**Student:** 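My questions will all concern the structure given below.
Order of the sequence lines fixes the chain letters, A, B, ..., with proteins taken first and strands second; residue numbering starts at 1 for each chain. The shown structure was predicted, so the numbers you read here are calculated from the model rather than taken from an experiment.
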Amino acid sequence: MTAEAVADLRRDGVEVALAGLRRTFGTVHALDGLDLTLAPGELVALLGPSGCGKTTALRVLAGLEDADAGTVTVGGKDLTRVPANKRNMGMVFQAYSLFPHLTAVENVAFGLRLRKAGAAERRTRAAEALELVGLSAQADRYPHEMSGGQQQRVALARALAIRPAVLLLDEPLSALDAKVRVQLRDEIRRIQLEVGTTTLFVTHDQEEALAVADRVGVMRAGNLEQIASPEEVYARPATAFVAEFVGLSNRLPGVVAAGGTVEVLGQVLPLADADAAARGTAVTTYVRPEAVEVAVDSASPARVVAAAFLGSSSRVTVALPGGETILAQVPSAAVSELAPGTGVRVEFARTPVAVSPA
Amino acid sequence: MNAARRRKQSLLRWFVLVPLGAFFLLPLYAMLEFTTRSADGRTAEVWTTLLDWRQIQEDYPELSAGVVYSLEQAALTAVLMLVLLVPTMVWVRLRLPWLRRPLEFLCLLPLTIPAIVLVVGLAPVYAWVTYFVGGSSLTLTFAYVVLVLPFAYRALDAGLAAIDVKTLSEAARSLGAGWGTVLWRVVLPNIRSAVLSAAFLSVALVLGEFTIAALLNRENLQVAINLLGKSSATISVAVSLVSLVLAFVLLFALSFVGGRRRSKETS
């Protein structure tokens, strides 16, 4: 890829603000007073289960859906009542959305043609956008002659060719197989950083969200549960829902102790939110498997019941004397010592844990 | 075993095809034979007359008028049907999906109503049509659009079902396309074969229509053929033959369009 290709498609990111967005479908509140601000050039991933309102938020921003209440502001301009075709937003859809009757390069040039760009300019910019996604060689292919991954790359090039104010990605990788998904995910991030366009990425895949985003917004029932950096969302989930939705967690009983800590199975761990509950309150704690350390101890009543090989790491299930089972993530090299039936001592790393009322 | 089975299937195929072919081709051959009959053998006089448009206009003015009216009616019907149906069907798919069933029911309704019953309903409507836009035979186009709706709807519906109208139009909208551009540059090129099928079916249907035109006292090809049958039977039969062959050609072209589309999709 040439530096000119990037320079030509690069634009200064703009701030995007969604304020008080509400949208109801029948009795379902898809958006329930959503507030979200994207800093210029930032990539925010909206993550959540099906029906949480993440796609509705993106569609309202795109102008493909009207909000019942609230405002959409992009670069300081109120776009709430502006139709989709006047918003200058590039969008990549979950379903393959290339125009079947046009070749890759014609697809990319489609938006430029609507902007009355001259034939020479259209050709140059479409070629640059295809170069950016590494598909110059496929410029004259029709969508049915390309793989799913290639089609989504062309869709990304088409969205970027118009130099959009905002790039909207609506689960663009969910129709692709696992390997292509990881490849394209990294490529999307690289391109987004190069062109500097403010981007909203909607996904239900937590790994995807954590891997590409500057900030991850976890949504539930039409609103944000937490929005923070991927590390923060993972390590210090603000709510039990976030702890359960993002990554695996062990649900263990605990009691809130002094100084923003919680006692879990006889060990004291810091609370992710020090004010989550009053001292002495019984709570459910959410402990990550990688925060659980197991060591062989034949005298311990805790016993390994299963071990699952995951590649570089393995997941070991341990039954505790109190009846609880607990998942621990250990290096695969250590798993040979942890055959089912082995007595083990369980300890927790002192990482902050989320809690919810018991 | 396989060879015997193939032979049996081939025999069965011919057993079906030969009587079927004879059923369709014999009347056509009989028509051709009748139009070339003369007192002293064979003559191509009728056919040379038919090839000379100026002579038709002079000798059979009602036939030439009928041909022109029918062609105009066919073209207008196809255009009006497409202008009405394509945007409506696309809009219903995009914005009013709950209207799909009622729209389908409405479009298929003319299929269940005999032409004679349609005329009974249309007669008072046409009194108003005559009052507002005159009594030209081209006004039959309105009735014909209703008549071709079931066939056109089915053809267009199949075309629209084959593409993801919603995603494609949303992609085009996000790139800056207005609704007109979405329809003209995105939807239409991708349902081209369906549009052609709908148009061909409409043309074939209009070229063969007699009942409504005759009962509403309008002119078209079939009415002219019927009139001509009373004065010049050979010309009348020759024109009928031409119109039948034309309909066959149209339907053949239609299957060719469909076939080409299928082969393109599988490539």
**Student:** Got A/Arg87 and B/Ser174 here, is their nearest side-chain heavy-atom distance under 4.5 Å?
**Tutor:**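 They are not in contact (no side-chain heavy atoms under 4.5 Å apart), so the answer is no.
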**Student:** May I ask you to test the A/Phe110-B/Val186 pair for a side-chain heavy-atom distance under 4.5 Å?
**Tutor:**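 When only atoms from C-beta onward are counted, B/Val186 and A/Phe110 do touch, with a gap below 4.5 Å.
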**Student:** List the atom of A/Ser97, the atom of B/Thr167, and the distance in Å for their closest heavy-atom pair.
**Tutor:**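 Shortest heavy-atom contact: CB-CG2, 3.5 Å.
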**Student:** If I take atom CG from residue B/Leu168 and atom OH from residue A/Tyr96, how far apart are they, to the nearest 0.5 angstrom?
**Tutor:**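 Going from CG on B/Leu168 over to OH on A/Tyr96, the span is 14.0 Å.
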**Student:** Less than 4.5 Å to any heavy atom of chain B: does that hold for the side chain of A/Leu98, its backbone, both, or neither?
**Tutor:** backbone
**Student:** More than 12 non-hydrogen atoms from neighbouring residues, nucleotides or ligands closer than 6.0 Å to CH2 on B/Trp128, yes or no?
**Tutor:**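 Atom CH2 in B/Trp128 is not crowded, with 12 or fewer foreign heavy atoms closer than 6.0 Å.
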**Student:** Tell me, side chain or backbone of A/Ala62 under 4.5 Å from chain B's heavy atoms, or both, or neither?
**Tutor:** neither
**Student:** On a heavy-atom basis, which atom in A/Leu114 and which in B/Ala172 lie closest, and how many Å separate them?
**Tutor:** CD1-O, 4.5 Å
**Student:** Which atoms of B/Thr181 are under 4.5 Å from chain A, going by heavy atoms: the side chain, the backbone, both sets, or neither?
**Tutor:**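 Contact with chain A involves the side chain of B/Thr181 alone.
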**Student:** Do you know which of A/Arg113, A/Glu145, A/Met91 has the most heavy-atom pairs with chain B at a distance under 4.5 angstrom?
**Tutor:**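 Top option by heavy-atom pairs under 4.5 Å: A/Arg113.
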**Student:** Under a 4.5 Å cut-off applied to non-hydrogen side-chain atoms, are A/Phe99 and B/Leu175 in contact?
**Tutor:**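 Counting from C-beta outward, A/Phe99 and B/Leu175 do come under 4.5 Å.
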**Student:** Give the minimum heavy-atom separation between A/His101 and B/Arg185, together with the two atoms involved.
**Tutor:** NE2-O, 3.0 Å
**Student:** Which pair of heavy atoms, one from A/Asn85 and one from B/Ala177, lies closest together, and at what distance?
**Tutor:**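 Between these two residues, the closest heavy atoms are CB-O, 3.2 Å.
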**Student:** Quick check: are there more than 12 heavy atoms from other residues, nucleotides or ligands sitting under 6.0 Å from CH2 of B/Trp184?
**Tutor:**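 It does not: B/Trp184 CH2 has 12 such atoms or fewer within range.
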**Student:** Side chain, backbone, both or neither: which part of A/Arg158 has an atom under 4.5 Å from a heavy atom of chain B?
**Tutor:**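 It is both, since atoms from each part get that close.
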